[in-house]
Amino acid sequence: SMDGAAPPARPAGLSAYVAVSQALGLTLLLTTGAWLGRYRGGVGWHSALQLNVHPLCMVLGMVFLQGDALLVYRVFRNEAKRSTKALHALLHGLALLVALVGIIAVFESHRSKGIPNMYSLHSWCGMAAFVLYLLQWLLGCAFFLLPGASFSLRGRYKPQHIFIGIALFALSIAACLLGITEMLLFNIRDSYSRFVPEGVLANTLGVLLVAFGLVVGYVLTRDEWKRPPLAEELALSMDFKTLTEGESPGGGS
């Protein structure tokens, strides 16, 4: 390859899969809105409709935004690592904020209606996903965004960070599927088995969630689609290597 050439082209197929993921993500949000709007009365904060804010926020935050945050390193392949990293952290932070609004909505709604909290499998999986996601985000910022973590420490933590990220994305989708089932059993238990339109629409939303998760997961796990290290990153890692291996231990970060 020529030195100083244009940045390498995006690998064949990557753009198509990313486009499919975004189409699925937007369809997810529209389907959630259609279900809540047509069959559940819409959404509202200071009203009986406050509970409906919860599924909308969880699908937007814990699935769509989280999925897009994971895709950042594949989509922005040739941009500076630092700005890509900042966008990755920003999207995850935004997902956390949206999810927090959704969690507040369900607790407030339950309190106003006298419904107990945190007894269902959906609530256990959902709360575990949110708390671990927050921890993952804080650790990620501490290790990769803020100065201070040593190069070797970052290198050791990175595989864990990547694995936990994909695992939490899967757990978030699983929690959504449990939530959809719970909502249907609470609201249309008697008619659900007769393939009523609300049941079919909500089941379709579940299938779309799984499809979005699979497409994002495929893009993330294709080795040849991983972000190539840029020239300056390679030079930097070599500098770090000579520094860390050539100096006495205990020389700080």
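Not a single donor-acceptor pair under 3.5 Å links the side chain of Ser109 to the backbone N or O of Val106. Remark: the backbone N or O of Glu79 is not paired with any side-chain donor or acceptor of Ser83 at under 3.5 angstrom. A side-chain donor-acceptor contact under 3.5 Å links Lys85 to the backbone of Phe144.
Across Pro228 and Asn78, no two heavy atoms sit closer than the pair CG-OD1, 4.5 Å. Minimum heavy-atom separation, Ala95 to Gly61: CB-O, 3.2 Å.
The shortest distance between side-chain heavy atoms of Leu49 and Leu36 does not fall below 4.5 Å. The side-chain heavy atoms of Ile164 and Tyr133, taken from C-beta on, include no pair separated by under 4.5 Å. The side-chain heavy atoms of Ile180 and Leu209, taken from C-beta on, include a pair separated by under 4.5 Å. Using a 4.5 Å cut-off on side-chain heavy atoms (C-beta onward), Tyr17 and Val216 make no contact. Leu71 has its side chain within reach of Asp68: a pair of non-hydrogen atoms, C-beta onward, lies under 4.5 Å apart. The side-chain heavy atoms of Leu65 and Val98, taken from C-beta on, include a pair separated by under 4.5 Å.
Hydrophobic clustering, with ILVMFWY side chains joined whenever heavy atoms are under 4.5 angstrom apart, groups Val53 together with Leu94. Neither Leu30 nor Val210 shares a network with the other; the hydrophobic side chains, linked directly or stepwise wherever heavy atoms of I, L, V, M, F, W or Y lie under 4.5 Å apart, form separate groups for each. A continuous path of hydrophobic side-chain contacts links Trp124 to Phe169 [ILVMFWY only; heavy atoms under 4.5 Å]. Both Ile166 and Phe163 belong to a common hydrophobic cluster when Ile, Leu, Val, Met, Phe, Trp and Tyr are linked at side-chain heavy-atom distances under 4.5 angstrom. Follow the hydrophobic side-chain contacts under 4.5 Å out from Val63 and you reach Val131 in the same cluster.
Atom OG1 in Thr27 sits 10.5 Å away from atom CZ in Phe212 (nearest 0.5 Å). The distance from the CE atom of Met183 to the CG atom of Leu205 is 10.0 Å, given to the nearest 0.5 Å.
The existence of a salt bridge linking Arg40 and Glu198 is confirmed by a sub-4.0 Å separation between a basic side-chain nitrogen and an acidic carboxylate oxygen.
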Check the pair Phe64 / Gln22 against side chain to side chain contact (heavy atoms under 4.5 Å, CB included), numbers first and verdict last. CA-CA 9 Å; Phe64 183 59; Gln22 296 314 287; 3.9 Å; yes

Under the side chain to side chain donor-acceptor pair (under 3.5 Å) criterion, do Glu182 and Ser120 qualify, and how do the steps go? CA-CA 9 Å; Glu182 194 173 288; Ser120 69; 3.0 Å; yes

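For Arg154, the CZ atom is densely surrounded, since the number of other residues' heavy atoms within 6.0 Å is greater than 12.
Between His88 and Tyr73, the ring centre distance stays below 6.0 Å. In summary, the aromatic rings of Tyr218 and Trp225 are positioned with their centroids under 6.0 Å apart.
A donor and an acceptor atom, one from each side chain of Ser172 and Gln66, are located under 3.5 Å apart.
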